[in-house]
Amino acid sequence: MAATSPARFLDPTGERFGVPTFPWGWSHFFDPDLRTKAQLRAEGLSIAGLEVAGQLKWRSTRAGNVAGVRTANLYRRSAARPVRPLSPARERSLARAYLARCTCTGCGRLWDVCLPTSNGRMCPTGCAHADQLLEAAA
């Protein structure tokens with residue numbers, strides 16, 4: 001088995017890595033019930049209270065370690081619970097927070113996109129009050 005072969009990460013019993021380990025894309029061949037956190041969330045399920053049932057490993061140049069290996073935990077779909085729905089109060093709170101992120105602090109104009117904090121949540125094109133507020137802050 002070559003050092004670059006994805007089979008080097010294959011450990012279905014968990015003897016080498018402590019938990020069952022599969023190369024990226026191979027887990028569904030060994031256990032179709034295993035899902036990543038993102039896959040469970042896309043299905044409307046939560047990982048709250050679940051123990052890690054396995055892991056994926058793959059080689060990546062974006063890995064933040066010397067070996068260049070990335071990992072993702074796997075959870076059992078059959079044990080996952082549905083995501084708890086938002087309460088009306090929390091939904092209103094999130095809507096107000098998003099509205100604040102899209103509103104210029106200088107002129108109060110509402111934008112279709114979130115304004116960056118790097119310019120104090122001011123209009124990207126500049127507004128009438130922007131110069132006065134920036135001078136006062138300096």
Side-chain angles (χ1 to χ4, degrees):
M1 177 170 18
T4 58
S5 170
R8 69 183 168 163
F9 299 127
L10 185 59
D11 179 23
T13 60
E15 291 176 18
R16 276 192 345 199
F17 298 110
V19 294
T21 304
F22 309 98
W24 183 82
W26 288 28
S27 63
H28 64 278
F29 294 120
F30 292 92
D31 191 348
D33 193 39
L34 296 177
R35 303 279 193 283
T36 63
K37 179 180 177 180
Q39 289 170 331
L40 287 174
R41 183 57 71 153
E43 295 178 18
L45 300 172
S46 171
I47 64 164
L50 292 182
E51 292 188 18
V52 174
Q55 68 180 350
L56 294 176
K57 282 188 174 253
W58 69 98
R59 192 170 170 276
S60 172
T61 57
R62 293 176 33 182
N65 55 34
V66 179
V69 175
R70 296 181 72 183
T71 61
N73 290 333
L74 295 171
Y75 304 92
R76 297 225 170 268
R77 186 191 185 289
S78 57
R81 303 185 315 219
V83 175
R84 200 172 63 183
L86 287 178
S87 68
R90 182 168 284 177
E91 199 168 342
R92 283 191 306 272
S93 174
L94 289 173
R96 281 194 303 266
Y98 184 73
L99 184 65
R101 292 178 65 194
C102 298
T103 305
C104 174
T105 56
C107 64
R109 179 179 172 190
L110 186 62
W111 289 81
D112 293 335
V113 295
C114 292
L115 299 174
T117 56
S118 60
N119 70 350
R121 293 219 191 277
M122 299 277 196
C123 294
T125 57
C127 59
H129 304 282
D131 296 332
Q132 297 168 357
L133 290 171
L134 287 175
E135 288 174 5

Could you check Asn73 against Lys37 for side chain to side chain contact (heavy atoms under 4.5 Å, CB included), going step by step and ending with a plain yes or no?
-> CA-CA 7 Å; Asn73 290 333; Lys37 179 180 177 180; over 6 Å; no
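Between Trp58 and Thr71 there is no side-chain heavy-atom pair separated by less than 4.5 Å. Looking only at side-chain heavy atoms (C-beta outward), Arg121 and Arg101 come within less than 4.5 Å of each other. Two residues are said to be in side-chain contact when any heavy atoms from C-beta on lie closer than 4.5 Å; Leu115 and Pro124 meet this criterion.
Note: Ser60 OG to Arg70 CZ = 4.5 Å, rounded to the nearest 0.5 Å.
Linking ILVMFWY side-chain heavy atoms closer than 4.5 Å, directly or via other members, places Leu34 and Leu56 in a single hydrophobic cluster.
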Between side-chain atoms of residues 17-31 and protein atoms elsewhere (two or more places apart, or another chain), which donor-acceptor pairs fall under 3.5 Å?
unit_1, atom_1, unit_2, atom_2, d
Thr21, OG1, Val19, O, 2.9
Thr21, OG1, Gln55, NE2, 3.0
His28, ND1, Gly25, O, 3.3
Asp31, OD1, Asp33, N, 3.2
Asp31, OD2, Arg76, NH1, 2.5
Asp31, OD2, Arg76, NH2, 3.1

Got a list of side-chain donor-acceptor pairs under 3.5 Å for residues 39-52, not counting sequence neighbours?
unit_1, atom_1, unit_2, atom_2, d
Gln39, OE1, Thr36, N, 2.9
Gln39, OE1, Thr36, OG1, 3.4
Glu43, OE1, Arg77, NE, 2.5
Glu43, OE1, Arg77, NH2, 3.3
Glu43, OE2, Arg35, NE, 3.1
Ser46, OG, Ala48, N, 3.1

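Across Asp11 and Arg16, no two heavy atoms sit closer than the pair OD2-N, 2.9 Å.
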